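A single structure is presented below for examination.
The chain is numbered in sequence order, starting from 1. Computed from a prediction, not measured in an experiment: that's the story for all the values here.
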Amino acid sequence: MRRRIDHVETAARCAAPRAGPRQPSVSGDSLCEQCMAAQEPFFETSGGLLNASFQLAGCAKSDMFLSNVVHCHPRGHRKSHAHEIVNCSAYLHRESELVRPRLIIGLGGDAERVLSFFYPTARRVNWLFEAPGNVRSKAVPCLLFASHPCRVKRQHSEALEDEDVRSLASALRWAIAKGRPPSPTTPGPGPTCGGMICDVIAPDRELDKKQI
């Protein structure tokens, strides 16, 4: 498994720091400067709330597979452009195929948009987390979307942070208890980047053209 994940990392067009290749999986939008410097996803500010959730769930950050839609830090602290999302999203899709998480937790708008495109039939779990019942698919992961930890921190609300930490910890405990889905007998289709450009990211693409 580690060798297969390393192959994906080496093939990526951008630097893509990771934690352990286990489930569940947590994906953000892109890497911050601190994360790039430390070569560790969800480092410092965003990592504080996640680490609290990991501790409450009885697991470690190294137990999780952590990634991002865009595998580098966009210059100038800006949002990722459409072409950057398309360039990296295929790697996120392949990573998910290798890790086979029971639950993928998307933190941020880009993560929600791309993961929803990858798994249009996936069971979407409501936030705040409640254990889903009658999950029929044994091959497609469940999806849980929440605000990015940095956005939660900017609210300066201890009550909101505590709620976020506890909800995420509950989701982690549920996914760990369920374990990985069974391996598929045949590999699924890869992401269709052309479809993403037309159906998912077209508004941003038009914005990019206007800015040039």
Side-chain angles (χ1 to χ4, degrees), residues 1 4-5 8 18-29 41-42 49-69 89-149 151-152 159-192 195-196 199-200:
M1 170 67 78
R4 295 170 72 191
I5 296 295
V8 174
R18 302 280 194 279
R22 301 173 188 167
Q23 76 93 28
S25 173
V26 181
S27 178
D29 289 341
F42 298 104
L49 292 181
L50 287 180
N51 288 336
S53 294
F54 296 149
Q55 183 176 5
L56 188 60
C59 59
K61 186 177 184 179
S62 58
D63 292 331
M64 304 297 106
F65 187 85
L66 309 180
S67 189
N68 286 274
V69 172
S89 59
Y91 300 111
L92 178 62
H93 185 269
R94 183 57 178 152
E95 291 159 5
S96 297
E97 285 187 328
L98 296 179
V99 177
R100 291 187 293 107
R102 176 71 64 176
L103 175 70
I104 302 179
I105 301 169
L107 304 177
D110 291 343
E112 179 174 358
R113 185 166 48 177
V114 170
L115 290 169
S116 295
F117 175 81
F118 286 162
Y119 303 105
T121 63
R123 175 76 170 270
R124 291 184 61 145
V125 183
N126 292 331
W127 184 265
L128 300 165
F129 178 79
E130 292 184 4
N134 194 27
V135 179
R136 297 180 180 179
S137 176
K138 297 182 178 180
V140 178
C142 293
L143 301 178
L144 175 66
F145 298 118
S147 295
H148 195 280
R151 183 176 181 181
V152 176
L160 181 61
E161 291 181 14
D162 182 69
E163 181 180 68
D164 191 83
V165 166
R166 291 182 180 278
S167 183
L168 185 56
S170 296
L172 295 170
R173 284 194 294 264
W174 176 84
I176 292 171
K178 288 293 185 181
R180 280 195 180 95
S183 299
T185 55
T186 57
T192 306
M196 288 184 62
D199 300 334
V200 180

What are the two closest heavy atoms between D29 and A111, and how far apart are they?
->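 That would be OD1-N, 2.9 Å.
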Taking the side chain as C-beta and beyond, is there a heavy-atom pair between Y91 and S67 under 4.5 Å?
->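 Side chain of Y91 against side chain of S67, heavy atoms only: no contact under 4.5 Å found.
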Verdict with reasoning, F145 to R113, per side chain to side chain contact (heavy atoms under 4.5 Å, CB included) = CA-CA 10 Å; F145 298 118; R113 185 166 48 177; over 6 Å; no
Minimum heavy-atom separation for L115 to G106, with atom names?
->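 Closest pair (atom of L115, atom of G106, distance): CD1-CA, 4.0 Å.
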Considering all heavy atoms of both residues, which atom of N134 and which atom of R123 are nearest to each other, and what is their separation?
->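 In terms of heavy atoms, the two residues are closest at O-NH1, 3.5 Å.
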Give the C-alpha distance, both sets of side-chain angles, the deciding distance and a yes or no for side chain to side chain contact (heavy atoms under 4.5 Å, CB included) between L66 and L50.
-> CA-CA 11 Å; L66 309 180; L50 287 180; 5.6 Å; no
Heavy-atom distance under 4.5 Å between the side chains of F42 and L107, does that happen here?
->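 SC-SC contact between F42 and L107 confirmed.
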Supply the atom-to-atom distance F117 CZ to S89 OG, rounded to the nearest 0.5 angstrom.
->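 F117 atom CZ to S89 atom OG measures 8.0 Å (nearest 0.5 Å).
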Atom of P101, atom of P141 and distance for their closest heavy-atom approach =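 Heavy atoms of P101 and P141 come nearest at O-CB, 3.2 Å.
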Find the distance between CD (E97) and CG (L92) and round it off to the nearest 0.5 Å.
->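 Rounded to the nearest 0.5 Å, the CD-CG separation comes out at 10.5 Å.
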Would you mind reporting whether R124 and S116 have side-chain heavy atoms less than 4.5 Å apart?
->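 Yes, side chains in contact.
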Closest approach of R100 and R180, non-hydrogen atoms and distance?
->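 Distance-wise, the nearest heavy atoms are O-CG, 3.3 Å.
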Is the closest side-chain heavy-atom distance between C142 and R102 below 4.5 Å?
->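 The answer is no, as the side chains (C-beta and beyond) never meet within the 4.5 Å cut-off.
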In Å, rounded to the nearest 0.5 Å, how long is the span from CZ of F118 to CD1 of I104?
->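 Rounded to the nearest 0.5 Å, the CZ-CD1 separation comes to 9.0 Å.
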What distance do S53 atom OG and E161 atom CD have between them, rounded to the nearest 0.5 Å?
->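 Between S53 OG and E161 CD, I get 10.5 Å after rounding to 0.5 Å.
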Could you pull out the closest heavy-atom pair between A175 and L103, with the gap in Å?
->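 Here A175 and L103 meet closest at CB-CB, 3.8 Å.
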Less than 4.5 Å apart, any side-chain heavy atom of W174 and any of V125?
->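 W174 does not reach V125 side chain to side chain.
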List in chain and number order the residues that pass side-chain hydrogen bond (donor to acceptor under 3.5 Å, both in side chains) with S147, two or more places apart in sequence or in another chain; answer none if no residue qualifies.
->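 Partners of S147 by the side-chain hydrogen bond (donor to acceptor under 3.5 Å, both in side chains) criterion come out as none, since no residue qualifies.
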Determine, step by step, whether L98 and R94 satisfy the side chain to side chain contact (heavy atoms under 4.5 Å, CB included) criterion, reporting the C-alpha distance in whole Å, the side-chain angles of both residues, the deciding distance to 0.1 Å, and the verdict.
-> CA-CA 6 Å; L98 296 179; R94 183 57 178 152; 3.6 Å; yes
Pairs of donor and acceptor atoms involving the side chains of residues 163-172, under 3.5 Å and at least two apart or interchain, shall be tabulated with distances.
residue : atom : partner : partner atom : Å
R166    : NE   : D162    : OD1          : 3.3
R166    : NE   : D162    : OD2          : 3.1
S167    : OG   : F129    : N            : 2.8
S170    : OG   : R166    : O            : 3.0
S170    : OG   : R173    : NH2          : 3.4

